[in-house]
Every structure is written in structure tokens, then in C-alpha cells.
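Inspection log for the structure reproduced underneath, given as C-alpha cells.
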Amino acid sequence: MAHPTEHPHIVVHAPALDGSRRVTSGDETLGIATHVDDVSEILRLADLYVTDVEETDVIEWQGGGPDDWPGLSEHHDA
């Protein structure tokens with residue numbers, strides 16, 4: 001039985017060339033994340049409060065998990 005306040009399906013898409021990741025809910029783009037904390041903030045701004053974005057079943061991580069931000073880490077390692 002679904003709870004009335006159940007969250008919609010959220011997708012964090014595979015990283016772009018710069019390492020950023022698009023966050024969507026259905027056909028709607030909620031924002032662009034450059035870090036896992038950005039995903040939490042994007043969801044908060046959309047009134048979708050997820051307490052642990054790294055462990056929830058509400059979010060589908062495509063092209064890598066919450067620790068995968070390729071491209072961005074390469075720029076910071078220098």
C-alpha cells in the first residue's frame with residue numbers, strides 16, 4: 001500500500017563530460033548536481049525531503065553511485 005506522501009521516482013543521471021549530473025523527477029529536470037550534497041539541496045528545493053540520498057530506494061543512480069563524480073575530481077586533484 002502506497003503512503004500518500006510517498007516520494008516520486010527520482011533519477012540522478014550519468015555524469016556529463018564536466019562531471020555534473022542531471023536530477024530529474026519523471027520528465028521534469030529538478031536541477032544539476034556537482035556533488036552528492038547538491039542532490040539533497042535540489043530535492044529540498046523541490047519539496048522532496050529525502051533524509052539519506054545515498055541509501056534511499058527513491059533515487060535511481062545511473063552511471064555510477066553517489067560517490068561517482070568523474071571529471072570534477074580530476075580538476076581538483078592537481
(request) Taking all non-hydrogen atoms of both residues into account, name the closest pair between A46 and L30 and its distance. (result) CB-CD2, 4.2 Å
(message) Looking at D57, I want to see if its CG is surrounded by more than 12 non-hydrogen atoms of other residues, nucleotides or ligands under 6.0 Å.
(response) no
(request) Scan V58, T56, V50 and name whichever one has a side chain to side chain contact (heavy atoms under 4.5 Å, CB included) with L43. (result) V50
(request) For Q62 and V11, run side-chain contact (heavy atoms from CB on, under 4.5 Å): C-alpha distance rounded to whole Å, both residues' side-chain angles, the deciding distance at 0.1 Å, then the answer. (result) CA-CA 7 Å; Q62 296 180 346; V11 177; 3.5 Å; yes
(message) For a side-chain contact (heavy atoms from CB on, under 4.5 Å) check, start with the C-alpha distance between H13 and T24, then their side-chain angles and the critical distance, and finish with the verdict.
(response) CA-CA 8 Å; H13 295 267; T24 61; 2.8 Å; yes
(request) Nearest 0.5 Å please: distance from the OG atom of S20 over to the NE2 atom of H35. (result) 14.0 Å
(request) Would you tell me whether D38 and T34 have side-chain atoms, one donor and one acceptor, within less than 3.5 Å of each other? (result) yes
(message) Testing the basics here: between V23 and A33, what is the closest heavy-atom pair and its distance to 0.1 Å?
(response) CG2-CB, 4.1 Å
(request) Could you give me the CA-CA distance, side-chain angles and deciding distance for Y49 and D47, then say whether side-chain contact (heavy atoms from CB on, under 4.5 Å) is met? (result) CA-CA 6 Å; Y49 296 94; D47 290 328; 3.7 Å; yes
(message) Parallel, tilted or perpendicular, judged at 30° and 60°: which one describes the rings of W69 and W61?
(response) perpendicular
(message) Checking side-chain polar atoms at under 3.5 Å, does S25 have a donor or acceptor matched by the opposite partner on H9?
(response) no
(request) Kindly say whether D68 contributes a backbone atom to a donor-acceptor pair with the side chain of R21 at under 3.5 angstrom? (result) yes
(message) Apply side-chain contact (heavy atoms from CB on, under 4.5 Å) to residues V36 and D67 and explain how you reach the verdict.
(response) CA-CA 7 Å; V36 69; D67 293 328; 5.8 Å; no
(message) I need the S40 OG to L48 CG distance, nearest 0.5 Å.
(response) 11.5 Å
(request) Quick one: closest heavy-atom pair of G63 and P15, and the distance? (result) O-CD, 3.6 Å
(request) Measure from the side-chain N and O atoms of T29 to the backbone N and O of G31, and report whether any donor-acceptor pair falls under 3.5 Å. (result) no
